[in-house]
Structure formats: C-alpha cells, structure tokens
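Reading through the structure tokens given below for one structure.
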Amino acid sequence: MWLGVLLSLAFLASVGTAQERSKERCPYCREDPALMAAAGVVSHRGGTIADRTGEELAAKLPASRWLFLETAHLRWASALGDSAVDARDRERIEAELARLRTALPDVPSKPRKLDPWLRLHLQAMKGEEFYARFQALLRVKDADFPAERRLDRPYMGAGPYLGEKDKFEVVLHVSRENHRRFTESFSGVAVNDSFRWHFPGLHKLLVSVPVEDADLKDDRGLWPHVAHNLSHAFLCAYKHFSYDPPVWLDEGLAQALEKEFDPQSRTTEGEEGSLRDTKAPADFAAAATKLVATDKAPRLSVLMNAKDYSELGTDGAVAVWSITRFLLDAHGEKYARFLAGVKGQLDANGMPSGEDLPNLQRALLRELWGWSPLELDDAWRSWVRAGGHAPKK
Ligand SMILES: [Zn+2]
Ligand SMILES: [Zn+2]
C-alpha cells in the first residue's frame, strides 16, 4: 500500500513538472511575434501532428518534454534533450548558430551543449533551407502550386505543399518504444526504424525518427538522416503522392542530398522504414569511380525496374547515387523536367497514374535528351571518367 501511495505521488509530481515545463517559453524567440517572424516560426504550439493534436501526442508518448515548432512548410515535434557539441562538429554547428542568430540575437555563439529549444530551432531552420534546396532542384516555387487542383492549368497536384494539401511533419522521438507506439497508432504496424507515411484523407506526409541509436543521437548524424527522409517525402509529395516514384530515382536523390550534408552518412531502407547502414562503402565517390573503371556498374535499364530498395544492392545504390549526381550537376534543368514528367503522369481521364513507369522514363529520356537508357549510361560513365566525382577545387 505504501508503495502504491508513493508511486502515485511520484507520478503526480512528474505530471506537475511536465505541465510546468510545457508552459515554459522558448528562450530564443520568446514567442515574440517579431522574433518569430524573423526566424520563420509560425507557431511554437502543438497544433496538429499526424492525426491528432500535439497535446494528445505528448500525453500518449512519455518524454520529459515535447516541443513543437511550425514553419512555412514544415511542422516539428521533438522530444529530444540536450546534445553536447562534438569537437569534430563545432565548426558546422557554429556556422548554423550564426545563421540562426541573424534572426534571434539571443542564440549563443560558442555553446558547449545545445538545449532542446536550440536543437529544435536549428532543425526547423535547416528544414526550411532544405525545402528551398528541393524546390530549386525541381525548378519550382510556392506560387506554382495552387491550393486546389486547377483543370485550366498544367497538373501540379492537389495542394500548395509541392502538391499536397498540408505541411510536412517530422516527429523526433527520444526512444524507439515511443516511435513504435506512435507508428502503430496510425499505420497499424509498430515500426523499428525511421518511417514515412502519407495520410490519404489529410494529404500530408510525415517522417517519424527514433533518435535512440548512437549514430543519430547527436545532431551531426541526425540531420543528414532527416534530410534523406525528407527528400523521399518531398519527392513523393511532388504533384501529389498518388503512386510510388521509381525506386532508383527516389533513392538516388535521397542519397545525393543526404551526402551533400555529410559524404559519410548513409541511410539504407529496410523492409519497414530506414536504418543506417554500416556495410556500405564509406566513400561513394571512390566506389562509383571504381565501378565505372572496372566496367562493373549496373545498367540503368536494370536499375529502372527495381521494385524495392534491396533490389538495388550495394553496387546499385552507389550507381543510382552517382547517376543522380551526374544529372543534378551536369543536367540540372532537364533533370527537373524529368522528375516533373515522372511524378505527374495522368491517364486518359486526367487522373494521376503510375502505369508503366519504365516506359514513361524511356519516353522522357528520349524526349529531353534523345537518350536511350544505354546512352544515358554512356554519358554518365564518360562524366565519371572525366572526373565527375573528383573533389571540387
Ligand atoms: Zn523559439
Ligand atoms: Zn532512402
């Protein structure tokens, strides 16, 4: 009995602390409208996350504190605690803090650790920067996406967020257990690794990340992994997620963008979500250069038919990263049109259709470049041989 009383008292005490903490204001933007606007913050309140409110999410998933932040195109829910600033990562973090400080003067310049509010503000800032990067590679801007589908204009999806009706969401869990409970609550499956989900009725995409493993615990490893997942979410969303994009294209782009932040970082896709891989080559540029030099690179005509990530294999994963780099760096304009064509196929009735995507890709290669898949292989290999992956001077 005593034990019961003690437990419930302890429980009440912890609830009290959690509630008081949730009322604490952000020390950086202080929820001041002018500072929030400068930092691109629309709200620090729970709002909606997944299929519930932020408060409901916090009540169901125990964490010392849930923080929320909404920007122009993304919503974040974070249960992360403090993170020590790693000496190897100090330069990058200080550059990010300097960018954030142009909006929020109270952001420190050389902290030893990042507190939960600062980590969330940094993620949110990088999230919007990444959204801009993605729009730039698609050669699109917000104004290209009407709030509803317009039949009098070229097809751009069903809403203002790259073609979805609602914003992108990222949920960062402190424990795998919370991530499993959360993913099960809306998908029916308790997922172990990072997970992406499209809510069909709500027309939005969500990324859920269990920030428990050593390689994700500090922001150095976390951000490239989040960016990889957001790349998938953004490409799926482009012109509305009505069918799965080709695996080689989707994975090639996610890896290319992830490695722009950290060339060593590699997220691999498991059956249920994504996990970080330790078997892949550490240096994709060297691995791709070797694949081409030894003429062992898989052919695009084969890669194009991969139905899931595992079908790509390690050489295929290196090849799709390298081909994507080639298209981004040497053919950016046409690559954007290629993505637009692959993501926006309509059937005879004007409905989005994922029918025969290999054939669609062949037609687009022919139309945009005059290439067959084999001719793309040749052009790509020539680019690699001419030093496409050599370090930029
Ligand atoms: Zn704030
Ligand atoms: Zn991926």
Side-chain angles (χ1 to χ4, degrees), residues 21-47 54 65-71 74-78 80 97 100-108 114-128 134 191 193-197 205 207-209 224-236 244-261 265-277 280 284 303 306-314 316-321 324:
R21 277 183 184 159
S22 73
K23 285 196 204 108
E24 270 176 43
R25 255 192 283 163
C26 170
Y28 302 103
C29 67
R30 305 191 293 266
E31 298 201 42
D32 172 85
L35 287 174
M36 284 168 71
V41 179
V42 175
S43 167
H44 253 317
R45 303 281 148 173
R65 177 164 55 177
W66 278 96
L67 299 180
F68 303 96
L69 203 167
E70 178 174 341
T71 57
L74 293 110
R75 282 190 207 102
W76 297 80
S78 169
L80 303 185
L97 291 169
L100 187 58
R101 201 161 47 246
T102 61
L104 304 175
D106 291 345
V107 166
L114 304 176
D115 65 53
W117 293 101
L118 204 44
R119 290 181 83 185
L120 180 57
H121 264 290
L122 288 172
Q123 295 283 335
M125 175 185 78
K126 289 187 281 185
E128 284 295 330
F134 207 89
V191 178
D193 297 304
S194 290
F195 185 64
R196 303 180 290 272
W197 185 257
L205 280 119
V207 175
S208 179
V209 184
H225 178 71
V226 169
H228 180 110
N229 280 284
L230 281 177
S231 171
H232 283 301
F234 292 166
L235 186 66
C236 284
D244 285 320
V247 164
W248 83 268
L249 198 62
D250 193 16
E251 187 60 14
L253 182 55
Q255 287 186 28
L257 297 179
E258 173 177 8
K259 286 178 179 298
E260 286 183 2
F261 296 105
S265 181
R266 167 132 202 257
T267 296
T268 52
E269 307 288 338
E271 295 269 303
E272 301 163 323
S274 52
L275 61 148
R276 287 160 64 84
D277 185 19
F284 265 40
L303 297 170
K307 299 263 182 320
D308 64 50
Y309 302 104
S310 63
E311 271 183 46
L312 293 174
T314 304
V318 171
V320 300
W321 165 80
T324 303

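Order of appearance sets the numbers: ligands from 1, and atoms from 1 within every ligand.
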> Under the 3.5 angstrom rule, does the side chain of N229 hit a backbone N or O of H232 as a donor-acceptor pair?
Replying inline: no
>> Would the distance check show the side chain of E251 and the main-chain N or O of V320 forming a donor-acceptor pair, the cut-off being under 3.5 Å?
In response: no
> Got an N, O or S from D250 under 2.8 Å of the Zn ion (ligand 2)?
Replying inline: no
> What is the OE1(E251)-the Zn ion (ligand 2)-NE2(H232) angle, to the nearest 10 degrees?
Replying inline: 90°
> Checking H44 side chain against L69 main chain: does a donor-acceptor pair fall under 3.5 Å?
Replying inline: no
> Which single N/O/S atom of H228 lies at minimum distance from the Zn ion (ligand 2)?
Replying inline: NE2
>> Are F284 and R266 packed together at the side-chain level, in the sense that at least one heavy-atom pair is separated by less than 4.5 angstrom?
In response: yes
>> So, of the N/O/S atoms that H121 has, which is the nearest one to the Zn ion (ligand 1)?
In response: NE2
>> Donor-acceptor check, side chain of R101 to backbone of P108, threshold 3.5 angstrom: yes or no?
In response: yes
> To the nearest 10°, how many degrees is the angle H44 NE2 to the Zn ion (ligand 1) to C29 SG?
Replying inline: 100°
